[in-house]
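Please read the structure below before turning to the comments.
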Amino acid sequence: MLGWLAATVPFWAAPRAEAVELDTAVLRVDYPSLLPLSRLDLPVPDLGLAGAELATQDNATTGGFLGHRYALHSVTTTPEEAPEAFATLMDQGYRIVVLLAEGPEILALADAAPPDALLLNARETDEALRGEACRANVLHVAPSDQMLTDALAQFLVWKRWTDWALIHGSHPADHALAQAYEMSARRFGARIVEWREFVDTGGARVSDSGHVQVQRQIPVFTQNMARHHVVVAADASDVFAVYLPYQTWEAAPVVGSSGLRPVVWHAAHESWGAIQLQNRFEALAGRPMREEDHLAWLALRAVGEAVVRTNSADPAAIRAYLLGDAFNLAAFKGQPLTFRPWNGQLRQPILLTDGRITVSVSPQDGFLHPLSPLDTLGPDRPESACSAFEETAP
């Protein structure tokens, strides 16, 4: 009887184990960019870093019952100086680093990292990083483009809005996003009835008469489209999508990069206890939680959960636990999150928001998978081109 009781004692009531100290770092790479089209999206100096700070506080609260200590070191840098900043972190002994960076920098830092380092991608959505360019020392907390487009596609198909007019930008990232929507359409039985490209000609992004010009130009641009249920905007460069709602020639919902958007997190989300996370973040940072904040929070909370369960700060032990069957993380999104062991991608629900409320959450009911409904979002294991995880994937 006593043995059964001992087996059911929660971790926070168990005898204190040997103290563990974990020092983590966040490396944010700041890229040259134009100001966003909406002043509501103006950059904040602690973007991502505040989420990491909150996660460190949460880890300290949980790990404090076991005598664990957590510390965080945050660094911001430029793409040119990122290798030196990363090397300095390695020289200082940091071996678990959250990266808020784009694909080229992530790959360069992963290849330069010592063998015992573990990196967590909390920004880049490029599918190649989970596929042919995957690295065994990088786990992806940020969803891939395909996960995001699949999440939206499931909802549109559930609504039977299966005929899409797709408008994409002229930059490479816009084309990649458009290809992800094309893949999602094929995957779930929708069809793209027309493609149009919105060419970025430069010039002033915002002017006093902007709404007047938009009200005249966008209807003309979208005139004579094939019959469609929705307009899907693939505008990774933030050039035109914000202007589409209510301005198209024919009455149709706008989704994708504007209108109804697939996101990891939104300040209006409050289901499954999310309001308490929102409130704690706002008390810490004095502003709403953005996606980068939530992703950095997820990354370090996952690490903290692994430390508590393994009673180890060893990156190899943490990585093995995160990729194993025992790991799951509560993240205020309706179901526990886990990592895909074949490419290091975090499985997670995707919110669909109109900017004011959470309209829906994917995966949608009726989209089934033999392992997890979350694996209906993004390429499944048989489709994966990643080989770096073959030795660790069960």
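- Salt bridge absent: Asp41 and Arg290 never bring a charged side-chain N and a carboxylate O closer than 4.0 Å.
- A donor-acceptor pair shorter than 3.5 Å can be found between the side chains of His369 and Asp380.
- Side-chain N/O atoms of Thr88 and Glu84 include no donor and acceptor closer than 3.5 Å.
- Two rings, from Phe221 and Phe240, have their centers 6.0 Å or more apart.
- Between Asp30 and Arg28 there is a salt bridge, with a side-chain nitrogen of the basic residue lying less than 4.0 Å from a carboxylate oxygen of the acidic one.
- The disulfide bond (SG atoms under 2.5 Å apart) contacts involving residues 299-390 comprise Cys134-Cys386, where partners must be two or more places apart or lie in separate chains.
- For the residue pair Thr338 and Arg347, a side-chain donor N or O sits within less than 3.5 Å of a side-chain acceptor on the partner.
- Checking Ser184 against Gln146 by side-chain atom types alone, a donor-acceptor pair falls below 3.5 Å.
- Other residues, nucleotides and ligands place no more than 12 heavy atoms under 6.0 Å from the CG atom of Asp365.
- At a threshold of 4.5 Å between non-hydrogen side-chain atoms, the residues Leu368 and Thr376 do not count as touching.
- With Leu27 as reference, Thr77 is the one residue of Leu100, Thr77, Leu119 to meet the side-chain contact (heavy atoms from CB on, under 4.5 Å) rule.
- The hydrophobic clustering, which links ILVMFWY residues whose side-chain heavy atoms are closer than 4.5 Å, places Phe86 and Leu129 together.
- Checked for salt-bridge contact, Arg381 and Glu383 miss the test: no charged N lies under 4.0 Å from a carboxylate O.
- The 12-atom threshold is exceeded at CH2 of Trp272, counting heavy atoms of other residues, nucleotides or ligands nearer than 6.0 Å.
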Please step through salt bridge (charged side-chain N to carboxylate O under 4.0 Å, His left out) for the pair Arg287 and Asp293, ending with a clear verdict. CA-CA 11 Å; Arg287 59 174 179 82; Asp293 299 303; 2.8 Å; yes
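- Taking 4.0 Å as the cut-off between side-chain N and carboxylate O, Arg95 and Asp314 do not count as a salt-bridged pair.
- The number of heavy atoms from other shown groups lying within 6.0 Å of CH2 (Trp249) does not exceed 12.
- A centroid separation of 6.0 Å or more is found between the aromatic rings of Phe198 and His168.
- The neighbour count for Glu194 CD, taken as heavy atoms of other residues, nucleotides or ligands under 6.0 Å away, is above 12.
- His68 and Asn311 are linked by a side-chain donor-acceptor pair at a separation below 3.5 angstrom, with hydrogens and angles left out of the test.
- A donor-acceptor contact closer than 3.5 angstrom is absent between the side chains of Arg340 and Gln345.
- When Val98, Leu295, Val264 are each tested for a side-chain contact (heavy atoms from CB on, under 4.5 Å) with Val141, only one passes: Leu295.
- Checking side-chain atoms of Asn59 against main-chain N and O of Thr62 turns up no donor-acceptor pair under 3.5 Å.
- For the 3.5 Å distance criterion, the side chains of His73 and Asp23 fail to qualify, holding no donor opposite an acceptor.
- Under the 3.5 Å distance criterion, with hydrogens and angles disregarded, no donor-acceptor pair is assigned to the side chains of Glu197 and Ser170.
- In summary, of the residues considered (Gln276, Gln278, Glu282), a side chain to side chain donor-acceptor pair (under 3.5 Å) with Arg280 occurs for Gln276 alone.
- The aromatic rings of His294 and Trp297 sit parallel to each other, their planes meeting at less than 30°, with 60° as the upper class boundary.
- With respect to Glu292 and Arg123, no salt bridge is recorded, no charged nitrogen being found less than 4.0 Å from a carboxylate O.
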